[in-house]
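Here the structure comes first, spelled out in structure tokens, and everything after it is commentary.
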Amino acid sequence: MTDESQALTVAADGDVRVVTLNRPDRLNGVSAALHRRLSEVWRELAEDGEARAVVLTGAGRAFSAGGDFDHLLRHHDDPELRERSIRLDRTIQTEMIRFPLPVVAAVNGPAVGLGCSLALGCDLVLMAEDAYLADPHISVGLVAGDGGVTLWPLLTSLLRVKEYLFTGDRIPAATAVELGLANRVVAPSDLMSEALALAHRLAAQPPEALRATKAALAAVVEQVSRGGMEAALLAERSTMTSPDHIRIINDLASRASRRSTPAAEED
């Protein structure tokens with residue numbers, strides 16, 4: 001099992017920092033530890049005087065499958081955890097919007113729920129050919145408070161936002177590019193090398209001009225999204241205890257447990 005103290009890692013590639021969601025045995029599902037680290041890492045990197053750009057990716061075969069079932073289940077009976085999760089979601093969104101360095105997402109596999117929001121919160125998005133985006137919050141009885149409402153309307157048409165948020169359908173990599181949710185599709189074997197090459201190209205740009213341009217764009221994003229973000233976060237907190245959400249998550253967790261039992265018995 002993954003050491004939760006290493007649920008998120010940061011490595012240096014010259015003046016580029018590679019941030020890796022590092023729970024590959026759980027498809028980089030967001031645990032309490034990973035959720036907390038995602039709220040901290042952006043400020044830490046902003047204070048790294050040697051860093052000029054960032055690549056965000058996932059370990060193993062997924063970018064991130066979204067909320068970890070064990071973590072989601074604990075929200076049903078723990079009001080303090082619900083409040084903390086909403087605060088962390090708000091911090092993650094705000095810190096990513098305000099983060100001064102360019103961030104390239106290397107989406108190496110499924111990016112679902114919060115994983116999808118993390119990818120789309122980056123400045124540039126490269127996707128492996130076999131990767132996909134999906135935000136199934138509504139399908140599991142939740143409001144898309146961790147970024148879907150905030151980010152998607154800035155990237156594609158409101159009609160397409162409604163289609164994919166309301167249904168939770170998967171968006172293949174090529175379709176994501178067509179919709180404006182990703183920059184380009186890359187062969188899986190070339191994804192990290194292309195993401196790093198792009199990050200190093202951005203790192204070589206005049207830093208003051210790049211940072212000021214990103215800050216100006218961030219001001220636009222915050223002005224447009226602030227009301228929607230707060231409304232969605234508060235609504236997500238409310239739906240964390242809805243009968244539909246509790247029923248659906250318990251059912252999904254039970255199915256996942258049954259699927260994993262034979263493998264666990266063989267170990």
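Values below: all heavy atoms of this structure, side chains included; hydrogens, waters and symmetry mates excluded.
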Indicate every side-chain donor-acceptor pair of residues 109-122 with a distance under 3.5 Å to a residue at least two apart or in another chain.
from, atom 1, to, atom 2, distance (Å)
S117, OG, D146, O, 3.4
S117, OG, D146, OD1, 3.0

What's the shortest heavy-atom distance between [X] and [Y], and which atoms?
X	Y	answer
A253	L73	CB-CD1, 3.8 Å
A106	A195	CB-CB, 3.8 Å
A134	R170	CB-CA, 4.1 Å
E129	P188	OE1-CD, 3.7 Å
G141	S242	O-OG, 3.5 Å
G148	P153	O-CD, 3.6 Å

In Å, rounded to the nearest 0.5 Å, how long is the span from [atom1] of [X] to [atom2] of [Y]?
X	Y	atom1	atom2	answer
F63	L191	CZ	CG	10.0 Å
L21	R26	CG	CZ	15.0 Å
E236	I86	CD	CD1	4.5 Å
L72	L252	CG	CG	9.5 Å
L198	R184	CG	CZ	5.5 Å

- [ ] Run the numbers on V161 and T156 for side chain to side chain contact (heavy atoms under 4.5 Å, CB included), then give the verdict.
- [x] CA-CA 7 Å; V161 171; T156 190; 3.7 Å; yes
[Y]/[X] salt bridge by N-O under 4.0 Å criterion:
X	Y	value
E50	R17	no
R37	E44	yes
R255	D251	yes

Any side-chain to backbone donor/acceptor pair from [X] onto [Y]? Under 3.5 Å, distance only.
X	Y	value
S39	T91	no
D123	V103	yes
R52	L202	no
N28	A59	yes
S254	N250	no
R23	G29	yes
N108	A131	no
T239	V143	yes

TODO: Would you sort out whether V149 and H137 count as a side chain to side chain contact (heavy atoms under 4.5 Å, CB included), showing the intermediate values?
DONE: CA-CA 11 Å; V149 171; H137 273 80; over 6 Å; no
- [ ] Let me see the working for Q93 and S225 under side chain to side chain contact (heavy atoms under 4.5 Å, CB included), right down to the final yes or no.
- [x] CA-CA 10 Å; Q93 291 184 67; S225 66; over 6 Å; no
- [ ] Kindly check if the number of other-residue, nucleotide or ligand heavy atoms within 6.0 Å of CZ (R43) is above 12?
- [x] no
TODO: Report, as yes or no, whether the 6.0 Å neighbourhood of atom CZ on R82 holds more than 12 heavy atoms from other residues, nucleotides or ligands.
DONE: yes
Please identify which of these residues, [options], meets the side-chain contact (heavy atoms from CB on, under 4.5 Å) condition with [X].
X	options	answer
V16	L101, L196, V104	L196
R160	L165, L179, L155	L179
L8	N22, V19, L56, T20	V19

Could you check whether any side-chain heavy atom of [X] comes within less than 4.5 Å of a side-chain heavy atom of [Y], counting everything from C-beta outward?
X	Y	answer
R87	R90	yes
H76	H245	yes
K214	L210	no
V30	S64	yes
V177	M127	no
R36	R84	no
S85	H71	yes
L142	I249	no

TODO: Kindly give the cluster partners of I246, where membership spreads through any ILVMFWY side chain lying under 4.5 Å from a current member.
DONE: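 None, because no other hydrophobic side chain comes under 4.5 Å of this residue.
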Is there a continuous path of hydrophobic side-chain contacts, each under 4.5 Å between heavy atoms, that joins [X] to [Y]?
X	Y	value
L181	L151	yes
I92	M240	no
V10	V54	yes
L133	Y164	yes
L233	L154	yes

Open item on the list: Using 30° and 60° as the class boundaries, would you call the ring planes of W42 and F99 parallel, tilted or perpendicular?
Closed with: perpendicular
TODO: Please report the C-alpha distance between V55 and M192 in whole Å, then the side-chain angles of each, then the deciding distance to 0.1 Å, and finally whether the side chain to side chain contact (heavy atoms under 4.5 Å, CB included) criterion is met.
DONE: CA-CA 9 Å; V55 172; M192 277 306 296; 4.1 Å; yes
TODO: Go through the side-chain N and O atoms of H200 and D13 and say whether any donor and acceptor fall under 3.5 Å apart.
DONE: yes
